[in-house]
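A short worksheet on the structure shown next.
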Amino acid sequence: MACDYDKKTNQYTDNREKTMDVLKMMDLPYIDSMYQSALTSCAEDVQDKHRNTAWSHYITVIKSLPNWRGLTWKDSELPADYLDKDEEEINENSRILKQAKKRFGDGYTNADLLFLESEYQDWIKRYACENKAQEILFKRICFKELEIDKAQKAKRDTKELDKTLQDLMGSMSLKPNQNNSNALTEAKTFG
């Protein structure tokens, strides 16, 4: 897992991200210096019959030596580039969730809030949101889209939900047939 041996190129490929993901799921620590040592020993192992992997070296050390027992993922010594990416992603998600909770309120899962916020941002990028009434209607459309999405996943009928969504879109003149007629009207010149 930590590195895969490619018989065609006769080289090992580093799978650090996969290794960290598995260790995180197993709640075992990732120690970067030990991982690098396991990669080195993996590459130096040239026995034809038995090729050890860096993963087997790493997991054996973690599970067998007493100074590593009892450590969890929280005790990991992660590389700097992993920490930067992870922290940026966490900060971005928490910013989006905070904004979504402010806009849509509490009582929704994080996945629901991310869905609602994503849809809302998509709507306001495509159509002007100039007043409070439009903002409320965009929010209602997003709620209805979430309900439709959940109903479809549960294999329930969405006919009534679709009708309500169309009514909301109609009240904002967002239906495709309304947009086409509006565009044709604007394109006509006087006289």
Side-chain angles (χ1 to χ4, degrees), residues 1-126 142-143 145-156:
M1 171 127 6
C3 66
D4 293 327
Y5 182 72
D6 187 0
K7 291 181 180 178
K8 292 178 184 175
T9 61
N10 203 26
Q11 293 181 343
Y12 287 93
T13 56
D14 183 3
N15 289 326
R16 183 176 71 174
E17 296 287 324
K18 289 181 187 176
T19 301
M20 285 193 271
D21 290 342
V22 171
L23 289 169
K24 192 177 206 178
M25 286 188 294
M26 294 173 67
D27 198 24
L28 292 173
Y30 173 83
I31 312 298
D32 194 49
S33 58
M34 190 187 325
Y35 175 78
Q36 296 303 328
S37 173
L39 279 177
T40 304
S41 66
C42 179
E44 291 173 355
D45 188 13
V46 291
Q47 298 171 349
D48 288 333
K49 287 189 175 184
H50 180 63
R51 288 192 190 273
N52 284 330
T53 63
W55 171 256
S56 65
H57 285 273
Y58 185 88
I59 203 70
T60 302
V61 170
I62 289 289
K63 296 297 267 178
S64 64
L65 295 179
N67 54 332
W68 303 111
R69 281 193 205 137
L71 296 180
T72 63
W73 177 255
K74 290 179 184 176
D75 302 312
S76 295
E77 295 172 12
L78 301 170
D81 61 334
Y82 184 80
L83 285 174
D84 292 341
K85 183 184 88 173
D86 203 30
E87 286 177 14
E88 286 175 18
E89 191 175 306
I90 289 169
N91 290 340
E92 178 65 18
N93 281 344
S94 65
R95 184 190 64 75
I96 292 170
L97 285 172
K98 183 186 266 187
Q99 190 175 9
K101 280 183 184 178
K102 184 178 178 185
R103 181 171 286 118
F104 297 103
D106 290 329
Y108 299 98
T109 65
N110 286 348
D112 289 348
L113 286 170
L114 290 172
F115 178 88
L116 289 168
E117 186 64 22
S118 171
E119 288 300 311
Y120 182 80
Q121 292 301 323
D122 192 29
W123 279 107
I124 64 172
K125 282 180 188 170
R126 295 173 189 230
C142 294
F143 283 129
E145 285 180 310
L146 180 64
E147 282 183 69
I148 291 169
D149 187 55
K150 286 183 174 188
Q152 283 179 328
K153 287 178 183 173
K155 298 184 181 186
R156 292 191 319 244

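Not measured: the values here are computed from a predicted model.
Residues Leu146 and Asp112 have side chains in contact (heavy-atom distance under 4.5 Å, counting atoms from C-beta outward). The shortest side-chain heavy-atom distance between Glu147 and Gln152 does not fall under the 4.5 Å cut-off. At a threshold of 4.5 Å between non-hydrogen side-chain atoms, the residues Glu145 and Trp123 count as touching. Put simply, the side chain of Leu23 does not reach to within 4.5 Å of the side chain of Pro29, judged on heavy atoms.
In summary, the aromatic rings of Phe143 and Phe104 are positioned with their centroids under 6.0 Å apart.
From Ile62, atom CD1 reaches atom CD1 of Ile31 across 5.5 Å, with rounding to the nearest 0.5 Å. Atom CG of Leu97 and atom CG of Leu114 lie 4.5 Å apart (nearest 0.5 Å). Atom-to-atom distance recorded for Met34:CE and Tyr58:OH is 5.0 Å, nearest 0.5 angstrom. In this structure, Met20 CE and Met25 CE are separated by 13.0 Å, a value rounded to the nearest 0.5 Å. Taking CD1 of Ile59 as the reference point, atom OG of Ser64 lies at 10.0 Å (rounded to 0.5 Å). One finds the CG atom of Asp149 at 12.0 Å from the SG atom of Cys142 (value rounded to the nearest 0.5 Å).
Salt-bridge annotation for Lys74 and Asp27: absent, with no side-chain N of the basic residue lying under 4.0 Å from a carboxylate O of the acidic one.
Ring planes of Trp73 and Tyr30: tilted class, angle from 30 to 60°.
Annotation for Leu28 and Ser76: closest pair O-OG, 4.3 Å, computed over non-hydrogen atoms. Considering every non-hydrogen atom in both Glu117 and Ala100, the closest pair reads OE1-CA, 3.6 Å.
Formation of a donor-acceptor pair under 3.5 Å by the Thr60 side chain with backbone atoms of Ser56 is found in this model.
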